[in-house]
Amino acid sequence: MAAAATETVGDDAVTNSPHLATPPEVTFRCSCGVELTDEFLYWCKYCVELKCRNCVSQEIDSYFDTKNADEHMPSIEANTAKNRSTAGTMDCPVCPNVLNYVPFGEDGKLFLECGHCLWSSKGPGTIELIGTVDEIKAAVVAKMNGDFPKVYDELVEQYQVVAKEELRSLEAKRHTASQAIQRRIGGRGIYSKYSYKREGVQLTRGQYKEKELERKNKVFDETKNEWVEETDASKRAGLHAQSTKDVAPLDPATLMGLTSIDQLTSLEQRYQNLALQTPTAAEAWPVPHRLLGKRSKRCRECQHNLIKPELSAKSTRYKMQLFATSHVPQVRVVEVGKLVGQQRTNVVLRISNPIDQELQITLSAAMPHEQRIAARQAAKEAETAAKAAAAYDGEGVAVPSLRSGSAKEKDSSEYRVPPQTTEVRLRPLVRTTAELSMPGAPLKLAAHDPLVALSAEEAPPEPGDDPCVLKRQGNRIIIKLPFVPIGDDGGDVVVAFDMSYKYKNVTAAFRSSQATETTPQVHEVVLPVQINFGPLATSA
């Protein structure tokens, strides 16, 4: 195991292992069980766990237009404009590119033209839309709105009428049963066909029950205006609609002669303008450009921000960025031996430390996911019990907090929202198909220093390192581990292990209400890692 690698250890796994069909994939397991690479994961300092896109919620911080990128649009104005541009920026109805305003004539008129598909608002076979920017914008907005406000008002009035009728019927049902029967069978007004009145004769309760028995298993024939015995013909007549006239079959030649396929719009083009959904390209109208926005991401469990961009539209910086690549040790595959079933081979890994803390990383066998969830739940319950016990002194009296009791200064744990439970799994949990030998001692990684990382040179292993360590380079360490593929059925070779280290949480010390000094909290972090090397090598 102590022998050095025969090839140069570089950064490209595919170059050093050309015999692999696919490049190896290193994935981390989120706290909810999703397997993803570290580029798609986030790190929550307060939960001290990895978070995937299912574990975070997104919020829109600011809207801005492509023309006025310096000024952000308020949320109320963006909702009023239906998240569309108000500066006159239009999208092509054929392709999703932005249209250009081209001068037309000498009176200051303009028309729209696409530089990609050459669609224009004055060409043959298209709409005619010529005028100033304000005129074109007003015409497009009026076309998108159309008669929908008028139709909406009519629907509201119709709903009000229906609501009044339902309210009147509910008022009628509030009367007693005797009043309802009296109103149904008495008097000389106009009644439904189901009533049992005789002209000038009042039915008694016994006669009413006799009529009920006589009408049992009968249907009302509107042609005869009487109750008749139910037959199979009456059942079929009630279930199936009767055709009123014969319709001639459709001629395919006539259908194909309506228009050509080039003049029809696709589903994407129709969905771009839901208000119109024009079937032909000649009737397609441009639509205002969609607004751009900046989003922040928040942990669903502790409600703390993980990603917070700056409000300026031209800025690419972040106020807060807790990406997993910047806060979790990175594991990369440098070199892999030939994958043959039941034969020993080696894998060369590069582990990097992206944080400014010295780490002692321990690699161990992977723990089952169900057991990990149970251990995490027990740890959270123990932490909650410890916090509850710390809030009281020895005599059972509550210890007052050093902070004020305002809602903004209370601990965020009092306002936590339960995490979203979802059954969505981006990647299934794959079982291990290889036996990996673990190092016998912890791996020491130096803290990340941007100045030292630029000029760091390769160094031999230190005296106390495990024999699997090949070399060091600044905050990086390169190790060589042997493993044996178990499966021989042609499936992928997958190894899994747990990477544990002690993480010093500096952020949590400032929000602690009980500590008199800002002492960083030390957490034991366990990250499940899974490496997929691809299928076994085929025999030549």
Can you see which heavy atom on [X] is nearest to which on [Y], and at what distance?
X      : Y      : answer
Pro288 : Met144 : CD-SD, 3.2 Å
Tyr46  : Cys302 : CB-SG, 4.0 Å
Arg472 : Lys444 : NH1-O, 2.6 Å
Pro485 : Leu536 : CB-CD2, 3.9 Å
Ile355 : Ser326 : CG2-O, 3.7 Å
Leu359 : Lys502 : CD2-O, 3.8 Å

Answer yes or no: is there an ion pair linking [X] with [Y], defined by an N-O contact shorter than 4.0 Å?
X      : Y      : answer
Glu59  : Arg298 : yes
Glu35  : Arg29  : yes
Arg317 : Glu310 : no
Lys480 : Glu335 : no

Looking at [Y], is its backbone amide N or carbonyl O close enough to the side chain of [X] to form a donor-acceptor pair, meaning the two atoms are under 3.5 Å apart?
X      : Y      : value
Asn505 : Lys45  : yes
Gln269 : Val94  : yes
Thr433 : Val494 : yes
Thr432 : Ala434 : no
Gln357 : Lys504 : yes
Asn305 : Ile307 : no
Arg300 : Val56  : yes
Ser121 : Leu112 : yes
Tyr42  : Cys299 : no
Glu25  : Phe533 : no

For this session: Starting from the C-alpha separation in whole Å, work towards a yes-or-no answer on side chain to side chain donor-acceptor pair (under 3.5 Å) for Asp356 and His448.
Result: CA-CA 5 Å; Asp356 55 351; His448 174 66; over 6 Å; no
If I take atom [atom1] from residue [X] and atom [atom2] from residue [Y], how far apart are they, to the nearest 0.5 angstrom?
X      : Y      : atom1 : atom2 : result
Asp465 : Leu443 : CG    : CG    : 8.0 Å
Leu527 : Asp498 : CG    : CG    : 8.5 Å
Leu99  : Cys114 : CG    : SG    : 6.0 Å
Ile531 : Leu436 : CD1   : CG    : 7.5 Å
Ser352 : Leu445 : OG    : CG    : 7.5 Å
Thr86  : Leu291 : OG1   : CG    : 7.0 Å

Problem set entry | Steps toward salt bridge (Lys or Arg N to Asp or Glu O under 4.0 Å) verdict (Lys51, Glu49) | CA-CA 6 Å; Lys51 302 294 180 180; Glu49 291 178 346; 3.3 Å; yes
Problem set entry | Between Phe483 and Phe497, ring centroids under 6.0 Å |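 Between Phe483 and Phe497, the centre distance exceeds or equals 6.0 Å.
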Exercise. What about Trp43 and Tyr503, are their ring centers closer than 6.0 Å?
Worked result: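 Judged by ring-centre distance (under 6.0 Å), Trp43 and Tyr503 do meet the cut-off.
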For the [atom1] atom on [X], are there more than 12 heavy atoms of other groups (residues, nucleotides or ligands in this structure) within a distance under 6.0 Å?
X      : atom1 : result
Glu39  : CD    : yes
Ile76  : CD1   : no
Gln360 : CD    : yes

Quick one, [X] and [Y] - any side-chain contact, counting heavy atoms below 4.5 Å?
X      : Y      : answer
Val348 : Val333 : no
Val140 : Pro286 : yes
Pro93  : Trp119 : yes

For this session: For a side chain to side chain donor-acceptor pair (under 3.5 Å) with Asp38, tell me which candidate from Arg332, His327, Gln330 qualifies.
Result: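 Only one option passes, and that is Arg332.
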Problem set entry | Stepwise side-chain contact (heavy atoms from CB on, under 4.5 Å) check, Asn273 with Thr278 | CA-CA 8 Å; Asn273 194 343; Thr278 55; over 6 Å; no
For this session: Just do the side-chain contact (heavy atoms from CB on, under 4.5 Å) check on Val340 and Thr345 with the steps written out, would you?
Result: CA-CA 8 Å; Val340 181; Thr345 184; over 6 Å; no
